[in-house]
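Numbers here are sequence positions counted from 1. Values reported hereafter were calculated over all heavy atoms of this structure, with side chains retained and with hydrogens, waters and symmetry mates removed.
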Amino acid sequence: MGNKSTKKGAPQQLTPQQISMFTATTEFNEKQIRDWHAEFIRDYPNGKLSKKQFINMYSHFYPGKNADAFSKLAFSTFDSNHDGTIDFYEFILAVAATSQGDLNDRLEIAFDICDSSDDGQIDRKELAVMISAMYDLLGETNRSGDYDPKKRAVEIIGKLDVNGDKKLNKYEFIAG
């Protein structure tokens with residue numbers, strides 16, 4: 001039979017311990033956490049945001065643009081337990097990471113989104129994919145000459161690659 005409580009949707013109420021954890025790991029206060037949670041549960045009653053729902057949600061931030069490629073990269077980063085969904089914990093951390101903190105914190109998130117292989121390095125192919133995704137978000141259709149994502153990736157890595165391995169580690173990426 002198993003534990004039936006694990007098959008239920010997300011809890012409709014946050015525990016005091018959860019609120020303490022969220023306020024300690026983000027810059028959100030208790031009211032903001034409760035508001036985010038209420039909206040999340042209203043929009044996703046089962047407490048899970050699928051990849052398709054995430055892409056759809058992200059496209060609302062960029063109307064008339066193609067957010068698919070970028071949102072797929074972001075989803076993979078924010079789905080920290082790799083279960084194919086984003087729960088409220090992953091969601092609130094993603095919101096905090098992309099809206100709070102200093103530039104270095106946000107660059108760390110950008111690096112993690114770009115590092116699709118999760119090897120701690122960004123190679124030319126990964127960077128070209130990210131550049132293409134950013135072009136899509138911005139509505140840039142010219143991908144030739146100086147706007148060729150592969151060419152841009154080679155140029156960027158050439159300028160920022162301090163150790164000469166033709167890849168960027170997180171330090172090189174942030175410092176650059």
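Separation of the Trp36 and Phe91 ring centroids falls under the 6.0 Å cut-off. Checked against a 6.0 Å centroid threshold, the rings of Phe70 and Tyr58 count as neighbours.
Checked by atom type, the side-chain pair Ser117/Glu126 shows a donor-acceptor distance below 3.5 Å. No hydrogens or angles considered: nothing links the side chains of Asp118 and Ser116 as a donor-acceptor pair under 3.5 Å.
Gln18 approaches Gln13 most closely through the heavy-atom pair OE1-O, 4.2 Å. For Thr85 against Glu90, the heavy-atom pair with the smallest separation is O-OE1, 3.2 Å. Closest non-hydrogen pair, Asn29 versus Lys31, comes out as OD1-N, 3.1 Å. The two atoms that bring Phe111 and Gly120 nearest to each other are CZ-O, 3.5 Å, heavy atoms only. When all heavy atoms are compared, the tightest approach of Tyr147 to Tyr135 is O-CE1, 2.9 Å. For the pair Asp136 and Ala69, the tightest heavy-atom approach, listed with the atom from each and the gap, is OD2-CB, 4.0 Å.
To the nearest 0.5 Å, the span separating CZ on Arg143 from CG on Asp148 amounts to 10.0 Å. Here the CD1 atom belonging to Ile19 is positioned 14.0 Å from the CZ atom belonging to Phe28, to the nearest 0.5 angstrom. For the atom pair CD of Glu140 and OG of Ser132, the computed distance is 11.0 Å after rounding to the nearest 0.5 Å. From Gln121, atom CD reaches atom SG of Cys114 across 12.0 Å, with rounding to the nearest 0.5 Å. Rounding to the nearest 0.5 angstrom, the gap separating the CD1 atom in Ile131 from the CD1 atom in Ile156 is 4.0 Å. The CG atom of Asn163 sits 6.0 Å away from the CG atom of Asn169 when rounded to the nearest 0.5 Å.
A distance-only check finds a donor-acceptor pair linking the side chain of Glu172 to the backbone of Val162 [under 3.5 Å]. With hydrogens and angles ignored, the 3.5 Å screen pairs no side-chain donor or acceptor of Asp79 with any backbone N or O of Ile86. Between the side chain of Asp112 and the backbone N or O of Thr77 there is no donor-acceptor pair closer than 3.5 Å.
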Next on the checklist: Please determine whether side chain to side chain donor-acceptor pair (under 3.5 Å) holds for the pair Ser20 and Gln17, giving the CA-CA distance in whole Å, both sets of side-chain angles, and the decisive distance to 0.1 Å.
Outcome noted: CA-CA 5 Å; Ser20 293; Gln17 294 84 4; over 6 Å; no

Next on the checklist: Under the criterion side-chain contact (heavy atoms from CB on, under 4.5 Å), I'd like the reasoning laid out for Phe88 against Tyr44: C-alpha separation, chi angles, the key distance, then a yes or no.
Outcome noted: CA-CA 10 Å; Phe88 181 71; Tyr44 312 104; over 6 Å; no

Item to check | Pair Met57-Gln53, side-chain contact (heavy atoms from CB on, under 4.5 Å): steps then yes or no | outcome: CA-CA 6 Å; Met57 178 189 71; Gln53 290 169 317; over 6 Å; no

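Hydrophobic clustering (ILVMFWY, side-chain heavy atoms < 4.5 Å, transitive): Leu49 and Ile109 are in one cluster. Residues Leu127 and Leu137 fall into different hydrophobic clusters, defined by Ile, Leu, Val, Met, Phe, Trp and Tyr side chains chained together at heavy-atom separations under 4.5 Å. Residue Ile122 is grouped with residue Leu103 when hydrophobic side chains (ILVMFWY) are merged at heavy-atom distances under 4.5 angstrom, including chains of intermediate members. Transitive grouping of hydrophobic side chains (ILVMFWY, heavy atoms separated by less than 4.5 Å) keeps Val95 and Leu107 in distinct clusters. Cluster membership check: Val154 does not share its hydrophobic cluster with Ile157, using side-chain heavy-atom separations under 4.5 Å among Ile, Leu, Val, Met, Phe, Trp and Tyr.
Using a cut-off of 4.0 Å between Lys/Arg side-chain N and Asp/Glu carboxylate O, Asp146 and Lys151 are scored as salt-bridged. Here Lys159 does not pair with Glu155 in a salt bridge; the nearest charged N to carboxylate O distance is not below 4.0 Å.
Residue Lys170 places its NZ atom among more than 12 non-hydrogen atoms of other residues, nucleotides or ligands, all under 6.0 Å distant.
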